[in-house]
Amino acid sequence: MVKAYDKIKVRHGERCVELMALFDTGAGGSYLSDEVAEKLGYKLYPEPRRIPLAVKGHEAEVIGYVPEVELEIAGYVLPELETLGVIKDLYVEAIIGRNLIEKYGITLEENRVSFREVPPRASLLTIRE
């Protein structure tokens, strides 16, 4: 598991926030804290959903999502709009997980975030036999 922190920009409609994100190859999905999501506007789930954490017996509460956000990472705007989950009481402002790290070829080295290809583009993963 590799982790790095870097500033990103998240735009949803006319709203934009700049925040510090944790890039974590151990996280399957990408999420915002409820405080950040409140600034952007988000859709609430009828019932919270629970996802397991890396700590035995602990779960996070996903309370909603922010659809169609534009993300700017390492100075580049990603070419597709993304949906980010919203976690209640998340200890960081945002987590960028494997779903976006792999899709856009994000590399993490010595707490530095960059891309394998510049400008970044979305890629489909291929399964090799």
Side-chain angles (χ1 to χ4, degrees):
M1 178 173 16
V2 180
K3 294 181 180 183
Y5 289 91
D6 204 354
K7 284 191 176 186
I8 67 170
K9 288 183 183 174
V10 182
R11 289 181 191 84
H12 182 244
E14 298 296 316
R15 300 176 185 182
C16 180
V17 293
E18 186 172 351
L19 51 90
M20 189 61 76
L22 167 64
F23 290 76
D24 185 354
T25 60
S30 298
Y31 304 93
L32 295 172
S33 71
D34 53 335
E35 290 95 7
V36 170
E38 193 70 41
K39 293 175 187 174
L40 293 169
Y42 70 98
K43 297 185 183 293
L44 200 59
Y45 288 137
E47 294 290 324
R49 300 170 184 191
R50 299 196 175 282
I51 57 171
L53 299 176
V55 180
K56 202 180 270 189
H58 292 276
E59 296 178 324
E61 190 173 79
V62 182
I63 59 172
Y65 61 97
V66 183
E68 299 182 341
V69 297
E70 180 181 270
L71 293 168
E72 184 178 322
I73 297 173
Y76 294 96
V77 175
L78 299 183
E80 296 181 10
L81 298 177
E82 300 294 340
T83 296
L84 302 177
V86 177
I87 294 181
K88 183 178 180 182
D89 299 326
L90 187 63
Y91 74 100
V92 292
E93 294 177 301
I95 295 174
I96 303 299
R98 281 190 326 272
N99 66 319
L100 298 181
I101 291 171
E102 291 174 0
K103 180 178 180 180
Y104 293 106
I106 296 171
T107 60
L108 312 174
E109 295 176 14
E110 297 182 20
N111 215 24
R112 187 171 156 260
V113 175
S114 59
F115 294 93
R116 277 190 220 106
E117 280 188 63
V118 174
R121 60 185 180 145
S123 62
L124 296 175
L125 301 177
T126 57
I127 299 173
R128 296 181 187 183
E129 293 183 27

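Worth knowing before you read on, the calculation uses all heavy atoms, side chains too, and leaves out hydrogens, waters and symmetry mates. We number each residue from 1, following the sequence as shown.
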* Is it the case that one hydrophobic cluster holds both V62 and V92, taking links as side-chain heavy atoms less than 4.5 Å apart, direct or via other members? -> yes
* **Nearest non-hydrogen partners of L90 and Y31, listed with the distance** => CD2-O, 4.4 Å
* What are the two closest non-hydrogen atoms of N99 and S30, and how far apart are they? -> OD1-OG, 2.8 Å
* Given the rule that I, L, V, M, F, W and Y join up when any side-chain heavy atoms are under 4.5 Å apart, are V36 and Y65 in one cluster? -> no
* Asked: Just how far is it from atom CG of D6 to atom CG of L108, taken to the nearest 0.5 Å?
  -> 9.5 Å
* Sequence neighbours excluded, which residues qualify as ring pair (Phe, Tyr, Trp, His ring centres under 6.0 Å) partners of Y42? -> none
* Indicate the atoms forming the closest heavy-atom contact of K43 with P67, along with that distance. => CE-CG, 3.8 Å
* Asked: If you measure from CG on L81 to NE2 on H12, what distance do you get to the nearest 0.5 Å?
  -> 9.5 Å
* Asked: Does the side chain of I96 come within less than 4.5 Å of V113's, by heavy atoms?
  -> no
* Could you tell me which non-hydrogen atom of L32 sits nearest to which non-hydrogen atom of A94, and how far apart they are? => CD2-CB, 3.8 Å
* Least distance between heavy atoms, I63 atom then L44 atom -> O-CD1, 3.3 Å
* Tell me, please, which residues at least two apart from E117 pass side-chain hydrogen bond (donor to acceptor under 3.5 Å, both in side chains). => R121
* To do: Check side-chain hydrogen bond (donor to acceptor under 3.5 Å, both in side chains) between Y104 and all other residues, then give those that pass, not counting sequence neighbours.
  => E82
Considering only distance and modelled atom types, tabulate donor-acceptor pairs under 3.5 Å from the side chains of residues 68-80, sequence neighbours left out.
unit_1, atom_1, unit_2, atom_2, d
E70, OE2, R11, NH1, 3.0
E72, OE1, R11, NH2, 3.2
E80, OE1, K103, NZ, 2.8

* State yes or no: do I106 and V118 share one hydrophobic cluster built from I, L, V, M, F, W and Y residues joined by side-chain heavy-atom distances below 4.5 Å, directly or via other members? => yes
* Asked: Do you know the tightest heavy-atom contact between P48 and E61?
  -> CB-CG, 3.4 Å
* To do: Name all residues meeting the side-chain contact (heavy atoms from CB on, under 4.5 Å) criterion together with R116; count only those two or more places apart in sequence or in a different chain, and write none if there are none.
  => T107
* By ring pair (Phe, Tyr, Trp, His ring centres under 6.0 Å) - contacts of Y5 (at least two apart) -> none
Contacts table for residues 15-25: side-chain donor-acceptor under 3.5 angstrom, sequence neighbours left out:
unit_1, atom_1, unit_2, atom_2, d
R15, NH1, K39, O, 3.4
R15, NH1, L40, O, 3.4
D24, OD1, G26, N, 2.8
T25, OG1, V2, N, 2.7
T25, OG1, V2, O, 3.3

